[in-house]
Amino acid sequence: LLRGVQLPFNALNERHLQKWQEVGVEVEERHPGAMDLGINPELIQQLGGFEDMSKKYAEGTQAFCELFDGIFGDGTSEKLFGSEPYYGLCLEVYFEFLNGVEKQGERYGKRVSKNIADLKPSGPKGKK
């Protein structure tokens, strides 16, 4: 659940990960680097002023919308970002999504660790 929107995504499902990868590559090809401004400050410094920045932010907003719609279906981005998405909001939601993916992995890791710790070895116990 992300911002009240149910996203059918499981970080341990290879088909979900593959879809994310494929859509991400397509979006990056259409909008090279547009989603990277929020994580790479050097890119912002390379822009030629506010006009370039606003254009790049607009392209990034479009890229994030395409990413979520491509992964989860048309209309998902509007559910997440509303009718007037903007770059900062898109970044915030994307980082929340990444955090959710990370938490899925952590929960799985804890379950696996617990299951391994609870295992009783079978076979000889080393007694002579």
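All residue numbers refer to positions in the sequence shown, counting from 1. Computation of the quantities below employed the complete heavy-atom set of this structure, encompassing side-chain atoms and omitting hydrogens, waters and symmetry-equivalent molecules.
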Next item on the list: List the steps and the verdict of side chain to side chain donor-acceptor pair (under 3.5 Å) for E66 and Q62.
Entry: CA-CA 6 Å; E66 289 177 17; Q62 180 63 35; 3.0 Å; yes
Next item on the list: Go through the steps for E28 and V25 under the test side chain to side chain contact (heavy atoms under 4.5 Å, CB included), then give the verdict.
Entry: CA-CA 5 Å; E28 181 64 23; V25 167; 5.8 Å; no
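The two residues G70 and K19 have their closest heavy-atom pair at O-CE, 3.1 Å. For the residue pair S77 and D69, the shortest heavy atom distance occurs at N-OD1, 2.8 Å. When all heavy atoms of E78 and S83 are compared, the closest pair comes out as OE2-CB, 4.0 Å. Considering every non-hydrogen atom in both V101 and A11, the closest pair reads CG1-CB, 3.6 Å. Of all heavy-atom pairs between A34 and A63, the closest is CB-CB, 4.4 Å. The two atoms that bring D36 and Y87 nearest to each other are N-OH, 3.8 Å, heavy atoms only.
For the atom pair NE2 (H31) and CZ (F64), the distance works out to 11.5 Å, reported to the nearest 0.5 Å. With rounding to the nearest 0.5 Å, the separation of NZ in K103 from CG in L98 is 12.5 Å. Within the model, atoms CD1 of I71 and CD of E22 stand 10.5 Å from one another, a figure rounded to the nearest 0.5 Å.
The shortest side-chain heavy-atom distance between L67 and M35 falls under the 4.5 Å cut-off. Side-chain contact between E59 and K55: absent, with no pair of heavy atoms (C-beta onward) separated by less than 4.5 Å.
Atom CD of E84 has 12 or fewer heavy atoms from other residues, nucleotides or ligands within 6.0 Å.
Residues satisfying the side-chain contact (heavy atoms from CB on, under 4.5 Å) test with H16, not counting sequence neighbours, are F9, N10, N13. For L2, the side-chain contact (heavy atoms from CB on, under 4.5 Å) criterion is met by L7, F68, L80, V93, E96, F97, not counting sequence neighbours.
A centroid separation of 6.0 Å or more is found between the aromatic rings of Y57 and Y86.
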